[in-house]
Amino acid sequence: MVKETEYYDILGVSVDASASDIKKAYYIKARVVHPDKNPGDPRAAQNFQVLGEAYQVLSDPEKREAYDKHGKAGVQEDSMLDPSAVFGMVFGSDLFEDYVGQLALASLASVEVEENTEDRTQQIRDKMRALQKEREEKLVTILKNRLELFIDGQTDEFVNWAKSEARRLSKAAFGEAMLHTVGYIYTRKAAKELGKDIKYMKVPFLAEWVRNKGHQIKSQVMAASGAVSLIQIQEELKKLNQGENKEENIMKVIDDKKDAMLNSLWQINVVDIESTLSHVCQAVLKDPSVSKDVLKLRAKALKKLGTIFQGAKALYSRENSLRHENDKIPGAGPSS
């Protein structure tokens, strides 16, 4: 018997709902009430906030137990993460769906398979593989269409559209971080393709290959580090749960680790985004159905789009750009 059911009612689940049911319900409802989906609704932010609070409590075993026993009074509000941050880190933003598709973590939350089956893990893998294939195919089509203005010789129109699009996307939760990630992959993949004809000792564009490979390894290391960080935080919370003053200590750790938790989730998502966009760019720039001239124009358009999205160059800089062309970043190559 639970003391109150408000959070369960907000998510539309029963009091005995499983962790996967709670996550699935949150994902579905969050996409409906997200402020990005309701720009003209003054209550959208509040509705999203309430939904996020309900999810954070019911998705955490410790908080859920405290809520079931004592209601809202049993959950400290200062231990809550910003719902926009949680949704953005785990599921991405609807504004970016045409650029990165549905993130793998979001797909995993929405996958439905039969419970208590021996091959449940394999079923999940098969469904995730099919969703990823569909995701990449959709993104390839969208990206080809977006580059058409440049290919048709309407360079100024293309640049103006790209700058306007970057400004629009930058307003999303973690928009600048996402723009920089997307822009980086676009410029790197395009530069690699455009550099194929530049040969030195018969090695095509060696510097670009080394830079690209180095970045890929770094991203994978950071994602692994992010996963380890989340596991370490989880283990720390488990130990605290067995000691004295456990609720007070647990809340303090959660509050102290807010930024680390969000950063870890972001690092994991970055690898998913980069891997997906690498496949998408490869398909767009190696398309056998068009001429070499068109492929070269696509590469130039993609590099231009990536440069604008990154916003580092003075010509395309935005107020909140993560980098500016005069910034010096250790170990970084020149901006593109």
Side-chain angles (χ1 to χ4, degrees), residues 27 31 34 36-37 87-111 125-152 158 161-166 168-170 172-194 212 215-216 219-220 223 266 268-290 294-311 336:
Y27 175 63
R31 288 174 67 84
H34 196 288
D36 287 353
K37 285 277 192 179
F87 188 87
M89 288 297 92
V90 179
F91 300 123
S93 167
D94 283 339
L95 291 182
F96 278 91
E97 192 155 314
D98 283 348
Y99 289 92
V100 301
Q102 180 172 280
L103 299 182
L105 286 177
S107 296
L108 192 57
S110 63
V111 163
R125 284 177 183 162
D126 291 344
K127 289 198 173 187
M128 288 295 290
R129 195 177 293 117
L131 286 172
Q132 181 65 15
K133 183 174 183 290
E134 183 181 332
R135 172 189 181 187
E136 290 179 8
E137 289 174 348
K138 179 182 176 183
L139 292 177
V140 167
T141 300
I142 292 172
L143 184 55
K144 284 179 181 178
N145 290 336
R146 287 209 160 108
L147 303 180
E148 279 301 310
L149 268 178
F150 188 97
I151 293 168
D152 289 342
F158 177 80
W161 163 79
K163 288 165 67 177
S164 173
E165 186 74 346
R168 182 181 73 89
L169 295 171
S170 70
F174 299 92
E176 284 293 346
M178 191 77 84
L179 275 169
H180 188 80
T181 300
V182 173
Y184 183 90
I185 297 302
Y186 282 178
T187 54
R188 290 278 69 82
K189 292 300 175 183
K192 182 180 177 183
E193 198 62 26
L194 290 169
N212 192 57
H215 176 78
Q216 186 180 47
S219 294
Q220 291 171 351
W266 174 245
I268 292 169
N269 275 335
V270 163
V271 170
D272 171 39
I273 293 168
E274 292 188 343
S275 173
T276 298
L277 292 191
S278 292
H279 294 154
V280 169
C281 291
Q282 180 84 351
V284 170
L285 300 177
K286 300 283 189 183
D287 186 359
S289 68
V290 297
V294 169
L295 291 179
K296 190 168 185 178
L297 285 171
R298 279 185 183 174
K300 288 181 177 179
L302 191 62
K303 187 175 182 183
K304 177 68 71 177
L305 182 58
T307 300
I308 293 171
F309 274 14
Q310 283 185 292
S336 299

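It should be emphasised that the depicted structure is a prediction, and the values quoted were computed from it without experimental measurement.
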- Query: Could you state the interatomic distance from OG1 (Thr181) to CG (Leu277), rounded to the nearest 0.5 Å?
  - Reply: 9.0 Å
- Can you list the residues that meet the salt bridge (charged side-chain N to carboxylate O under 4.0 Å, His left out) rule with Lys138, with sequence neighbours excluded? none
- If you round to the nearest 0.5 Å, how far is OG1 of Thr141 from CG of Asn145? 7.0 Å
- Note on the structure: Sorted by chain and residue number, the side chain to side chain contact (heavy atoms under 4.5 Å, CB included) partners of Lys304 (sequence neighbours excluded) come out as Phe158, Val159, Ile308, Tyr316
- Message: For Glu193, run the salt bridge (charged side-chain N to carboxylate O under 4.0 Å, His left out) check against Lys303, Lys300, Lys286, Arg188 and tell me which one passes.
- Response: Lys286
- Message: Run the salt bridge (charged side-chain N to carboxylate O under 4.0 Å, His left out) test against Arg125 and tell me which residues pass, sequence neighbours left out.
- Response: none
- Task: Please identify each residue that fulfils side chain to side chain contact (heavy atoms under 4.5 Å, CB included) with Asp287, with sequence neighbours left out.
- Result: Lys144, Ser289, Val290, Leu295, Arg298
- Task: Locate the shortest heavy-atom distance separating Ala283 from Val140; write the atom from each residue and the value.
- Result: CB-CG2, 3.7 Å
- Task: Name all residues meeting the side chain to side chain donor-acceptor pair (under 3.5 Å) criterion together with Gln282; count only those two or more places apart in sequence or in a different chain, and write none if there are none.
- Result: none
- Query: What pairs with Thr276 under side chain to side chain contact (heavy atoms under 4.5 Å, CB included), at least two apart in sequence or on another chain?
  - Reply: Gln132, Arg135, Glu136, Leu139, Asp272, Val280
- Task: Tell me, please, which residues at least two apart from Asp98 pass side chain to side chain donor-acceptor pair (under 3.5 Å).
- Result: none
- Using modelled atom types only, decide if a donor and an acceptor are shared between the side chain of Thr187 and the backbone of Gly183 within a distance under 3.5 Å. yes
- Applying side chain to side chain contact (heavy atoms under 4.5 Å, CB included) to Glu148 and not counting sequence neighbours gives Ile151, Asp152
- Message: Could you report the tightest heavy-atom contact between Val100 and Met178, atom names first, then the distance?
- Response: CG1-SD, 4.4 Å
- Distance col, row Leu169:CG vs Phe96:CZ, nearest 0.5 angstrom, shows 4.5 Å
- The salt bridge (charged side-chain N to carboxylate O under 4.0 Å, His left out) partners of Glu134 (sequence neighbours excluded) come to none
- Basic-acidic side-chain contact under 4.0 Å: Glu137, Lys133: yes
- Item | Set of residues satisfying salt bridge (charged side-chain N to carboxylate O under 4.0 Å, His left out) with respect to Lys163, sequence neighbours excluded | none
- Mind checking the CD-CG spacing from Gln310 to Leu305? Nearest 0.5 Å is all I need. 10.5 Å
- Item | Minimal non-hydrogen separation, Ala299 against Ala190, with atom names | O-CB, 3.2 Å
- Query: Which heavy atom in Leu179 sits nearest to a heavy atom in Ala166, and how many Å separate them?
  - Reply: CD1-O, 3.4 Å
- Results of side chain to side chain donor-acceptor pair (under 3.5 Å) for Tyr186 - residues two or more places apart only: none
